[in-house]
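No hydrogens, no waters, no symmetry mates; every other heavy atom, side chains included, goes into these values. What you see is a predicted model; the values in this text were computed from it and never measured.
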Amino acid sequence: MQLFVLGAAGGSLRGLIDAYNQTMEWQSARREARSTPAPEEEGPPRFKDYFDLFPDTIAAVFHTALGAGAALLFGTSGQIVGTFAAIAVGVSAPALLTQLGQLQHVNEAVTGAAGTRPGAAQSGGAHVASGTGPAVSPPAPNVPLVGSEEVN
């Protein structure tokens, strides 16, 4: 439960950071409008031109939910430990979950699509392609160790 709350706090912090950035853009635009002589007297930009309450609130709710879920996922799987880590995962949840979803084995588990692993065609084994047999690693690069002499 603690991971859930900390991740949600991190997610809501992400929403607050977005609101802060929009406020700073508005403030900068107001300063610029006041410092430059404008041919038209429109006045300084309005806050609602930079902050759209309904969509920004929905985005903050999604950030909070994603943060809570990501912290719970990463915490229960042993990937993170501690308060700071749970909050950091909550803040970065959209980016973390997007990258996690792009990993091939995670994508296959979520979508149910079975792809072949590299090396499956080389060994010719159906067990390797289905993921039930030993995985075939790519050949290691031929790099000499530091301090060793290469014999030609």
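Both F51 and W26 are assigned to one and the same hydrophobic cluster, defined by single-linkage of ILVMFWY side chains at heavy-atom distances under 4.5 Å. If you chain together hydrophobic residues whose side chains sit under 4.5 Å apart, I80 and L96 fall into the same group. Hydrophobic clustering of Ile, Leu, Val, Met, Phe, Trp and Tyr side chains at less than 4.5 Å, counting indirect connections, unites F47 with L53. A continuous path of ILVMFWY side-chain contacts below 4.5 Å connects L66 to F74, so both sit in one hydrophobic cluster.
In this structure, L72 CG and M1 CE are separated by 10.0 Å, a value rounded to the nearest 0.5 Å. Atoms OH and CD, on Y50 and E25 in that order, are 7.5 Å from each other to the nearest 0.5 Å. Atoms OG1 and CG, from T23 and D18 in turn, are 10.5 Å apart once rounded to the nearest 0.5 Å. Atom-to-atom distance recorded for Q102:CD and L97:CG is 11.5 Å, nearest 0.5 angstrom. Taken to the nearest 0.5 Å, the NE2 atom of H63 stands 10.0 Å off from the CD1 atom of I17.
The two residues A71 and V89 make their nearest non-hydrogen contact at N-CG1, 3.7 Å. Pairing each heavy atom of G15 with each of A60, the nearest pair is CA-CB, 4.4 Å. Nearest heavy-atom pair across A93 and A70 is CB-CB, 3.7 Å. Closest of all the heavy-atom pairs between A86 and L3 is CB-CD2, 4.0 Å.
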field: Check against salt bridge (charged side-chain N to carboxylate O under 4.0 Å, His left out), D52 and K48
entry: CA-CA 6 Å; D52 196 359; K48 70 179 187 176; over 6 Å; no
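Remark: side-chain polar atoms of S77 are paired, donor with acceptor, to backbone N or O of L73 under 3.5 angstrom.
Looking only at side-chain heavy atoms (C-beta outward), P94 and R14 come within less than 4.5 Å of each other.
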